[in-house]
Every structure is written in structure tokens, then in C-alpha cells.
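Just below is one structure, and these are the notes that go with it.
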There are 2 protein chains.
Amino acid sequence: MTINAYDESMPESRTVPARFPVTVDVVALTVADDAMNVLLITRLLEPFRGRLALPGGFVLPGEDLITAAARELAEETGVEHVPGHLEQLGSYGPKGRDPRGDVLTVAHLLLAPNFPVLSAGSDAKHAAWYPVHQVLDGGLRLAFDHERILADAVERAKSKLEYSPLGAVFCDKEFTVAQLRAVYEAVWGTRLDPRNFHRKATGTSGFLEDTGRVTTGDAGRPAALFRLAPAARPAPGQPTRAVLNPPLMRPPP
Amino acid sequence: MTINAYDESMPESRTVPARFPVTVDVVALTVADDAMNVLLITRLLEPFRGRLALPGGFVLPGEDLITAAARELAEETGVEHVPGHLEQLGSYGPKGRDPRGDVLTVAHLLLAPNFPVLSAGSDAKHAAWYPVHQVLDGGLRLAFDHERILADAVERAKSKLEYSPLGAVFCDKEFTVAQLRAVYEAVWGTRLDPRNFHRKATGTSGFLEDTGRVTTGDAGRPAALFRLAPAARPAPGQPTRAVLNPPLMRPPP
DNA sequence: GCAAAAGTGTTCCTCATACACCCATGC
DNA sequence: GCATGGGTGTATGAGGAACACTTTTGC
């Protein structure tokens, strides 16, 4: 553990600066059953014992925030590598969000395809996917201020789809235009014209890359399979470039 | 000071969680002399003694982040109230950004009209405005990772102008369309057609409100004075609504 | 053949761009 | 008058919205 020298030399103040426990929380979003889902764990200890909460935990000394978020996600879901796009969402606190005292949390946003989580029972915490609307509209209450963090995360996800290629990170490695459209419809809660969406998605240079393969076995004409173009692939934890120019507009409610 | 109970009861871990000093930094941006300027202080103590740095300081127990940012801004510049729009930018660290140890900082972004800062000499720190390009393009080096934070803040400011009414917070209470346009030109580093900008700005409902008064004394025809419409006025610290729909597009470089 | 989904073409309309032109002041 | 900046009108073109139509599969 790194020893800080603040207790001896204080440049900004004459008193010793306060120290706070710092946690990272991860809002993992995916699209399943035509709806946005969020990964939640069941708390087994106080406070908020029995309540659902976002996965997360304390930052360790000598650790970066994004690293801590990836580590906590791995520990609580069993995934070995970050399965999608992980970025920082924002910080909350430290005042008044934990009954035990001042705790600062740095929330992160993970956009990923529907990945299987650790089976319940193999660990102290049950992790599972829940439809987002059950939390934000239904009466499902979360621990701490996690409902507010989730609401902010959902709003961020919605706006990200407009100007960044991140809609594709909800899909598998290879996907059809219809599957990609289903993601946008689920996240925005609207219907999009299949024909216009197809033209916009395939016509945006640097967004989709044709694999040459097609689907088979489904009803109707086979669909071409695409993957995210290399230029649009998000670097881990780093800012996403806006390749959708002009943006894919979200229709007004 | 609030006493945390983590040392006795540890729900997420068997060891005592690490505690970190947490600072808030403020990237105060304004437009002056047709360029974006940033408020910097001169460090009088180690580390980085003599270097320029963003204003900021330690979060106090029982304090919120946005409150701490406003307090530090007030302490280091002498302004009594927040002179513009203040929002959270993002968190950095805690690893490897302070030679003395792990310090987490939560950076904030202030967009404000050019306000006078505390005169040097009356306080331990000199605060003054510096052109942003002197830091990002010129060789002016900042303390800690403040150059990176400034770069992120500038990028955020640029994109904010596209879809939010925040360009107006760089202006005074009442301003002309030409003054507003000068803000956009300074932030984006481009020239905008005065006629088309005028139509777009005045034609966007819920953005500008005509005061009925006009300028006088300048060369040319008097210009109408506007203020930011109530619907577009940003709530302190809270998300800004996108009233510019479709957005004011930033022309390609 | 028929249903279903993929994909293309076409029309209409909004809006960004470019720029000609007029308006109201200082000098 | 003339220069200067404020503000309006208008033609052009790119692109979004809506939808008719063709293509290719499963049954």
C-alpha cells in the first residue's frame, strides 16, 4: 500500500485532508427480450440487506478507476475479460449516500451483449439481469442512490447511440442490420423504419463492415451479417469517436 | 467530522477499505479576445512549485462534490456566487497522478462570462486567465495531470455548444447575436456565417428572449439585445436540456 | 403459391449553406 | 455620402421521413 505524505506536508490547507473510502460501481446494460436490462446483485449484508444493488466495491491502493471497475465486474459476475465497452459515468457523494458515513463512488457504464453471469450459489452474491423498466417505472427499489445512478446511466446510453457507433457493442461479434435496429428500438423505446435504418446504417462509412456471410434458417430472406468496422471499435475505457455524422436521430417521443 | 464505521464492519471485503484524499478541480473557461481562456493559479508550494495549475482543493467531510467545487472556486478567485454553469466533468486517479501518493480528483467544468479574479497579492495564490491554446498548443506545462483534464474539458465544452444552449453562459446577462456568435467562433475555432447564425439562433424556440432594447454607440446598425430564455437557463449543477434541435452543427475542420 | 423478412428506389419536405440585398447607425 | 455591422430574402442541395416495390428465403 502506498503511503501518502499528506499528513506531514499540507500545501493547500493547514489541516490534514480528510480521506474517504472510494468505491466503483458498474451499471452493466444489455439488450434482451426487446428491452434494456441491467445487471444487479442481491446484497447479503447490511446495510440494505436483501436489496438489489449495482455490482461494485472498494478501490484498492495503487489502482486506477477503470481498472477497479473491471476487477469488480469480474469478481461479481465471473467474466474474465471486459465483455463490451466500459467507460466512466460520473461520481456521486461523498455526502449522504451511505448510512455508515461519507463514501465517494465513481459509477461506470458497461454496454455489452447479453453475457451469462455467475450462477447463483457459487458465490456470496447473486448476480442477474433485470429489465430496467422494472426499476425505473416499476416499484423495484435499489440500495443506496443506485436508482439515480441507473437513471443517469440509461440517459447516457440513450444519447450515446445517437452519435457514436456504440449500438453495435450490444450485439454479438457478427450481427444483422435488423438485430442492430432492435437494439436501437429497445434502448430508445421507439419503432424505426427498417428501410431507412438499413440505408443509414450501411451507408455510414466507417461503421459497419460486411462479412460476406448471411443468416440462414430464419423466416424470410437471409440477412447479410456485419461486424463493427475497425475504425468504429471503441478502445477500452477511452473516448468513443463520433463516426455517425450526421447522427442517427432519435425520433421525438 | 463524520466518523465512518467501516473499520468495524466490512460488508464487501474482509480487510479495511483504503481511504483516499479526494480533491475537486475546477476548469473555469471563458471567452475573451476571441479565444477560450482558462483560469489558472500559480502554485507556491511543492510539488510543482511555480507551475500553473487548475484551482481546486480537498473535499471536506460532509460535503458534496459540486459544493466543494464551488467553495474552492470562491476561495481561490474571490467570487461570491458561481458566476456561470458548473457541472461535473469526470474523475481521475487515484493512481499515479500525484508524486506524494494516491489522490483522487473529481474535475469540474465552469462555463462563465469573463469575470474578474482576485487581484494577485491579496491571497497566497495568484489566479489569472490564460489562453487555452498557450497550454494545449504552446509549451505551457501544468502541474499534475491538469493538461489532460483541461483537454477533456475543452472537448466537452465544444460538444456542449452543439446541442445545448450553453453558449450563452459565456455571455453577459444581455448580449447581441453577434456576441453569441463570437463565442461559438472562439470555442470551435471557426468562422460562422453571421446571417445564417442569426436565423438559427433567433429561430430556435426556447433559446433566446428579446429584451426589446438595442445596443448604441457601436459602429453600424444597432443590434437587438437578448437574454437566455427561462426554459434554457441551466439549473445549477444539474444536466442541461437539449433545446437546440436540430443541433447547431459545428462545421467540419 | 404464400408469408415473411431483406433490401432498393422514389417522392416529398425540412433545413443547412451560400450569398444578394436592404436597414440603421456613426462619421 | 460612405463605411460598418445588423438583419431579411432566396436559390440550391443534402439528407431525413414515408412508403411503393422487388428480392430471397421457409413452408
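Note that the structure is predicted; figures quoted are calculated from it, not measured. Chain A is the first sequence line, chain B the second, and so forth, proteins listed ahead of strands; every chain is numbered from 1.
Only Asp218(A), Gly220(A), Arg221(A), Pro222(A), listed by number, bring a heavy atom of residues 214-224 of chain A to less than 4.0 angstrom from any atom of DNA chain D.
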I would like to know whether Asp25(A) and Tyr92(A) meet side chain to side chain donor-acceptor pair (under 3.5 Å); could you show each step before the answer?
CA-CA 10 Å; Asp25(A) 288 318; Tyr92(A) 298 81; over 6 Å; no
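A donor-acceptor contact shorter than 3.5 Å links the side chain of Thr211(B) to the backbone of Arg213(B). When atom types are taken as modelled, the side chain of Glu185(A) and the backbone of Leu192(A) share a donor-acceptor pair closer than 3.5 angstrom. Formation of a donor-acceptor pair under 3.5 Å by the Asp193(A) side chain with backbone atoms of Asn196(A) is found in this model.
For the pair Tyr184(B) OH and dA16(C) P, the interatomic distance rounds to 13 Å; values are reported in whole Å. Atom CG in Leu192(A) sits roughly 13 Å away from atom P in dG16(D) (whole-Å rounding). Between Asp193(A) atom CG and dG7(C) atom P the separation is 14 Å, expressed in whole Å. Straight-line distance from the CG atom of Asp210(A) to the C1' atom of dG7(C): 12 Å, rounded to whole Å. Atoms CZ (Arg191(A)) and P (dA17(D)) sit 16 Å apart, rounded to a whole Å. In this structure, the CG atom of Leu208(A) is 14 Å from the C1' atom of dG7(C), given to the nearest Å.
Remark: His198(B) is in phosphate contact with dT8(D), judged by side-chain N or O atoms under 4.0 Å from OP1 or OP2.
Comparing dG9(C), dC19(C), dG6(D) by their closest approach to the side chain of Arg199(A) singles out dG9(C). When distances run from any side-chain atom of Arg195(B) to the nucleotides dA6(C), dC19(D), dT8(D), the shortest one goes to dT8(D). Side-chain proximity of Lys200(B) to the nucleotides dA16(C), dT17(C), dA20(C) is greatest for dA16(C). Distances were taken from every side-chain heavy atom of Asn196(B) (C-beta onward) to each of dC19(C), dA6(C), dA17(D); the shortest belongs to dC19(C).
Listed by chain and number, the residues in a side chain to side chain donor-acceptor pair (under 3.5 Å) with Asn37(B) amount to none (sequence neighbours excluded).
Using modelled atom types, one finds no donor on one side chain facing an acceptor on the other under 3.5 Å when comparing Thr215(A) with Thr176(A).
Note: His146(B) and Phe144(B) have tilted aromatic rings, judged against thresholds of 30 and 60 degrees for the angle between ring planes.
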